[in-house]
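In what follows, every heavy atom counts, from backbone to side chain, and hydrogens, waters and symmetry copies are set aside. Residue numbers start at 1 and run along the sequence shown. Note that ligands are numbered from 1 as they come in the structure, with each ligand's atoms numbered from 1 the same way.
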Amino acid sequence: MSETIERKKRILSGIQPTGTFTLGNYIGAIRNWAKLQDEFESLYMIADLHALTVRQVPAELRRHTREAVAMVLAAGIDPSRSLVFVQSHVPAHTQLSWILTCNSQFGELSRMTQFKDKSAKHPDNVNGGLFTYPSLMAADILIYNADLVPVGQDQTQHLELARNVAQRFNNAYSPTFTLPEGYVPKAGAKIMSLADPTRKMSKSDTNVNGFILMTDDKDTILRKCKRAVTDSDGIVRFDPAEKPGVSNLMTMYGVFTGKDMAAIQAEFEGQGYGSFKQAVGEVIADGLAPIQNEYSRILADKAYVDQVLADGAAGASRLADRMVQKVYKKVGLLQL
Ligand code: TYM
């Protein structure tokens, strides 16, 4: 990497290749990855090792990993400015992860809400990886001394743990890790399910009407928006506590039009939810269309995707290997 890039502050973020990304992934995270890559030296990672904490069909995991890379690139991540790589291609992450696991407390790992949620959801597979998941995520971040981590709201607890582990390590040994800050968008940090707006939009939802996928066609998007659960007072007003469904749709409309909530409220004053939902569906479909075209084009170009990943893994490994050597030395592992 060039000297000018090295002087910039650094970003690291990741996404699991557990299926097609939702609009929540896009609005909460990936959209911001694209925006931040000019200002920061950026590393974006497909977290395939994290995906293994839930049972995967091997062939599907491989396919989803390729699709995830293509989608990240289609959403505007430019591999000439950012490193794009697959987590398992940079083994240093797992090496550091062990050291950080030994510096993470059982109590703090037990308090992670994602661990509790996923344990409840997969009671037959509450594996050790699910429990130590946050120390691998801490390794992903700390190994690059990332200054900023753009994520949605559901990842902020993991980020806090990464900061605590970093601080603990720095105190126990000597200053080693940068304490990372979260970059959580003001609007859209938690996009809610269209079917149950009190819950997060998630691709693992069994009700397909709850989420919009990045690959959904216009008719599907319009239909899902039309069916979105709202309320009975018929007024387009932003009030997440009292009107979570309408507020969620307004947030999405705002993201794709750049309008603020007051402007959206004024625009739909005196109109019923029917025309509002139609308008929301239209701007989402129109906003996703260019990404979908790019996605198909990139996914078909296997050689290009492979090259991006090879370059990404090489660039990331150079940085990550150096950090692991430093940490191994600090904790007293014998160097030859
Ligand atoms: P993952 O794959 O669950 O989600 C990827 C990103 O999408 C955000 N997100 C949302 N944002 C708004 N509304 C929603 N409904 C919504 N659903 C998901 C997530 O907050 C996330 O930013 N552990 C991470 C992956 C990871 C990682 C990392 C992230 C691994 N290592 C290091 C940052 C840094 C995860 O499972 O994200």
Output, in order, the C-alpha distance, side-chain angles, deciding distance and verdict of side chain to side chain contact (heavy atoms under 4.5 Å, CB included) for T132 and S104. CA-CA 9 Å; T132 57; S104 306; over 6 Å; no
Only counting residues at least two apart or in another chain, list the ones meeting side chain to side chain donor-acceptor pair (under 3.5 Å) with R237.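 Side chain to side chain donor-acceptor pair (under 3.5 Å) check on R237 returns D239.
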For the residue pair F131 and F106, does the interplanar ring angle fall in the parallel (under 30°), tilted (30 to 60°) or perpendicular (over 60°) class?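 Correct class here is tilted.
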What orientation do F276 and Y253 show, parallel under 30°, tilted 30 to 60°, or perpendicular over 60°?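 F276 vs Y253 ring planes: perpendicular.
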Can you name the one residue among E181, E41, E39 that meets salt bridge (charged side-chain N to carboxylate O under 4.0 Å, His left out) with R10?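 Filter result, single survivor: E41.
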Please determine if R297 and E294 form a salt bridge, counting it only when a charged side-chain N lies under 4.0 Å from a carboxylate O.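 So R297 pairs with E294 through a salt bridge.
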Using a threshold of 4.0 angstrom between heavy atoms of the protein and any atom of ligand 1, which residues qualify?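 Answer by chain and number: L12, S13, G14, I15, Q16, G24, N25, G28, A29, M45, A47, H50, Y133, M137, D140, I141, V149, V151, G152, D154, Q155, G188, A189, K190, I191, K200, M201.
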